[in-house]
Amino acid sequence: MMLTDPSLKYRPFPQVDLPDRQWPSRVITAPPRWLSTDMRDGNQSLIDPMNAEKKRRFFDLLVKVGVKEIEVGFPSAGATEFDFISGLVRDGAIPDDVIPQVLTQARADLIATTFESLRGARQAIVHVYNAVSPAWRDIVFQMERPQVRDIAIHAAKLLRDHAAAQPDTDWHFEYSPETFSTAELDFSLECCEAVMEILQPTPERPLILNLPATVECATPNIYADQIEWICRNISKRDSVVISLHTHNDRGTGVAAAELGIMAGADRVEGCLFGNGERTGNCDLVTVALNMYTQGINPGLDFSDIDEVIQTVEYCNQLPVHPRHPYAGELVFTAFSGSHQDAIKKGFAAQEARNDLIWNVPYLPIDPKDLGRDYEAVIRVNSQSGKGGVAWVLQQDKGYKLPKRMQAEFSKVVQALADGSSRELNAADIWGAFQDHYCLSGDQPYVLVDYQEGGAAGDRIFTGKIIHDTGKGGVERSISGRGNGLLSSVLAAMRDEFGVELEISDYNEHAIGAGSDVNAAAYVECRTPDGRTVFGIGTDSDVATASVKAVLSAANGIAVRG
């Protein structure tokens with residue numbers, strides 16, 4: 001049961017004494033180095049860890065999207081991990097521009113196994129860690145600071161000596177003061193400096209210092225303060241690469257990584273879609289695409305986001321949430337009427353501007369950049385408005401309904417959605433559109449053919465109409481006179497069938513582009529008793545389309561009364 005006074009059990013995380021912090025005024029202008037921990041940290045978090053086939057498939061995906069540093073596993077964890085890693089090396093599966101990384105605890109036997117798994121590799125990063133925070137020192141290890149620091153020193157010496165024993169591999173090293181985010185900054189610095197003293201990094205061969213939020217216990221601004229403090233106080237800053245490894249226990253793993261970059265970090269570790277222990281690791285997809293939407297090339301290619309999702313879901317046996325940033329099935333989808341209207345207008349304005357700068361309401365990124373199309377941007381349910389319905393018809397059939405016609409038909413769709421209590425797809429909407437505007441099946445008035453004659457201002461319509469097709473149908477010849485084609489059609493319908501309509505608005509457009517396209521015509525008519533009725537017609541000839549639009553309106557009166 002939750003406490004009424006949680007301060008009896010929990011304490012606020014202490015602030016970092018950094019009154020002249022610089023990171024809040026900085027902006028991200030370039031991507032960091034990326035390290036994927038999907039095959040190690042992400043793999044450890046799975047109910048059923050990946051087998052060799054899935055790990056290889058995941059590795060190939062990471063290479064394809066452009067990750068250049070990949071933590072391929074924890075070779076001392078067991079035979080499956082060791083054999084997979086040594087197999088990558090033996091099979092020559094690691095591209096020359098990709099550096100494999102492996103993780104090991106700071107123990108002599110585990111470090112030896114780790115180096116053995118990479119025997120013959122062209123280059124590799126060996127990542128060693130030991131926990132340094134008070135909780136671990138006091139509860140887990142029951143050690144004092146000097147003893148914990150000595151663990152790091154001893155591990156660094158082992159890295160140095162094992163690397164010297166395999167000189168044909170270009171070795172790089174990473175050290176993590178694990179639980180950094182909950183440790184004293186001065187002690188984390190002390191451990192890092194002790195490791196640096198042993199490994200003697202240079203600007204040409206820097207040491208990676210990974211500063212993990214092993215458990216996220218504070219707001220991301222505090223993590224940024226911690227990173228800036230280390231960047232300011234570490235010796236030989238030009239000889240170390242500051243790396244971030246955030247977790248998502250407070251739901252701000254991405255924010256912490258972004259603020260950490262602003263605070264001076266050079267590298268980000270994480271997983272695709274944020275998989276990882278507990279609530280997960282930093283989501284590399286989100287961080288990278290956040291940069292992309294700010295005009296920065298992240299160096300990772302998610303042009304086919306659906307392929308990435310399918311591979312990750314297959315390998316991890318975990319679904320990507322439909323609301324996951326950028327990648328979820330529904331993140332580019334609007335059901336709300338006001339959202340739909342804004343998006344529809346945004347696309348129209350984007351097309352009218354005819355420039356590359358993206359500026360569409362509710363869509364921070366162009367879905368096409370990620371391999372998505374626009375068909376699913378607007379979907380229709382009982383919460384949708386006229387803009388959403390109009391968008392679906394335009395995307396699916398090419399119709400651009402006039403505003404008042406949009407409003408009328410949206411009520412038809414609303415009633416259908418309310419009655420079905422589900423999302424309506426394009427087929428549902430198209431079926432309702434055909435029914436409402438009498439575009440299919442047996443209708444009271446069906447055009448066979450017609451001719452138009454007379455002089456300008458005095459036009460004569462002569463046509464053949466099948467009347468009451470649903471009752472067997474009788475072909476009737478009709479004619480009417482007016483000052484134009486449509487007025488003469490209305491006169492013929494009035495004189496022959498007693499259908500009285502007056503056109504109050506008319507619109508037309510081509511469907512598609514090129515020379516071989518159809519035309520769509522829309523009429524808004526008024527009846528003698530003041531009602532409004534709409535009609536639509538399509539044909540390769542725009543004049544014929546307009547005649548069909550009038551008959552569509554007349555059919556609506558006959559069918560609905």
Side-chain angles (χ1 to χ4, degrees), residues 340 343-355 360 366-368 372-380 386-410 412-413 425-441 443 445-453 459 461 463-466 484-490 503 505-525 533-556:
Q340 292 172 339
I343 291 171
K344 181 173 177 289
K345 289 175 179 175
F347 272 109
Q350 188 79 17
E351 184 177 352
R353 283 198 313 273
N354 195 31
D355 63 32
V360 175
D366 186 347
K368 286 198 171 180
R372 297 270 176 89
D373 57 37
Y374 296 145
E375 291 182 5
V377 169
I378 291 176
R379 289 161 60 175
V380 176
K386 62 182 184 297
V389 174
W391 169 269
V392 172
L393 284 171
Q394 181 175 337
Q395 294 298 304
D396 191 51
K397 298 297 180 182
Y399 290 132
K400 301 176 183 178
L401 305 189
K403 287 183 179 297
R404 287 190 291 274
M405 191 175 185
Q406 292 179 27
E408 191 223 25
F409 183 58
S410 69
V412 175
V413 175
N425 58 34
D428 295 325
I429 295 170
W430 176 236
F433 189 77
Q434 289 180 298
D435 289 343
H436 188 71
Y437 295 109
C438 305
L439 302 179
S440 63
Q443 302 299 338
Y445 309 107
V446 177
L447 179 67
V448 178
D449 60 34
Y450 76 95
Q451 292 180 336
E452 182 185 8
R459 309 299 293 171
F461 169 83
K464 293 180 180 179
I465 300 290
I466 297 178
L485 174 60
L486 294 188
S487 61
S488 62
V489 174
L490 290 174
I503 294 178
D505 191 35
Y506 173 82
N507 292 272
E508 64 182 43
H509 66 80
I511 299 177
S515 57
D516 186 22
V517 297
N518 277 349
Y522 310 89
V523 294
E524 179 182 344
C525 303
V533 60
F534 293 89
I536 178 174
T538 58
D539 197 87
S540 58
D541 174 65
V542 67
T544 303
S546 66
V547 174
K548 290 180 178 179
V550 171
L551 294 182
S552 168
N555 284 327

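Numbering of residues begins at 1 and proceeds along the displayed sequence. Model, not experiment: these values are computed from the prediction.
- For the ring pair (Phe, Tyr, Trp, His ring centres under 6.0 Å) test, no residue two or more places apart in sequence or in another chain qualifies with F534.
- With sequence neighbours left out, D435 forms a side-chain hydrogen bond (donor to acceptor under 3.5 Å, both in side chains) with no residue at all.
- Atom-to-atom distance recorded for K403:NZ and E524:CD is 13.5 Å, nearest 0.5 angstrom.
- In this structure, V517 and A510 approach most closely via the heavy-atom pair CG2-CB, 4.1 Å.
- For the atom pair M405 CE and N507 CG, the distance stands at 10.0 Å (nearest 0.5 Å).
- Here the NE2-CD distance, from H436 to E408, works out to 3.5 Å after rounding to the nearest 0.5 Å.
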Q. Step by step, would you call T544 with L447 a side chain to side chain contact (heavy atoms under 4.5 Å, CB included)?
A. CA-CA 9 Å; T544 303; L447 179 67; 4.1 Å; yes
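- K345 is linked by a salt bridge (Lys or Arg N to Asp or Glu O under 4.0 Å) to D341, counting only residues two or more places apart in sequence or in another chain.
- Partners of E452 according to the salt bridge (Lys or Arg N to Asp or Glu O under 4.0 Å) rule, which considers only residues two or more places apart in sequence or in another chain, are R459.
- F433 places none of its side-chain heavy atoms less than 4.5 Å from the side chain of D396.
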Q: Let me see the working for F409 and L393 under side chain to side chain contact (heavy atoms under 4.5 Å, CB included), right down to the final yes or no.
A: CA-CA 11 Å; F409 183 58; L393 284 171; 3.9 Å; yes
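- Using a 4.5 Å heavy-atom threshold, the side chains of S546 and V523 count as separate.
- Of all non-hydrogen atoms in S552 and L439, the two that sit nearest each other are OG-CD2, 4.2 Å.
- For the pair A521 and A549, the tightest heavy-atom approach, listed with the atom from each and the gap, is O-CB, 3.6 Å.
- Considering SG of C438 and CD1 of I536, their distance stands at 12.0 Å, rounded to 0.5 Å.
- Under the side chain to side chain contact (heavy atoms under 4.5 Å, CB included) criterion, L490 pairs with L501, I503, V550, sequence neighbours left out.
- By the salt bridge (Lys or Arg N to Asp or Glu O under 4.0 Å) test, D541 pairs with no residue at all, sequence neighbours left out.
- Rounded to the nearest 0.5 angstrom, L486 CG and F461 CZ are separated by 10.0 Å.
- Atom OH of Y522 sits about 9.5 Å away from atom CD of Q406, to the nearest 0.5 Å.
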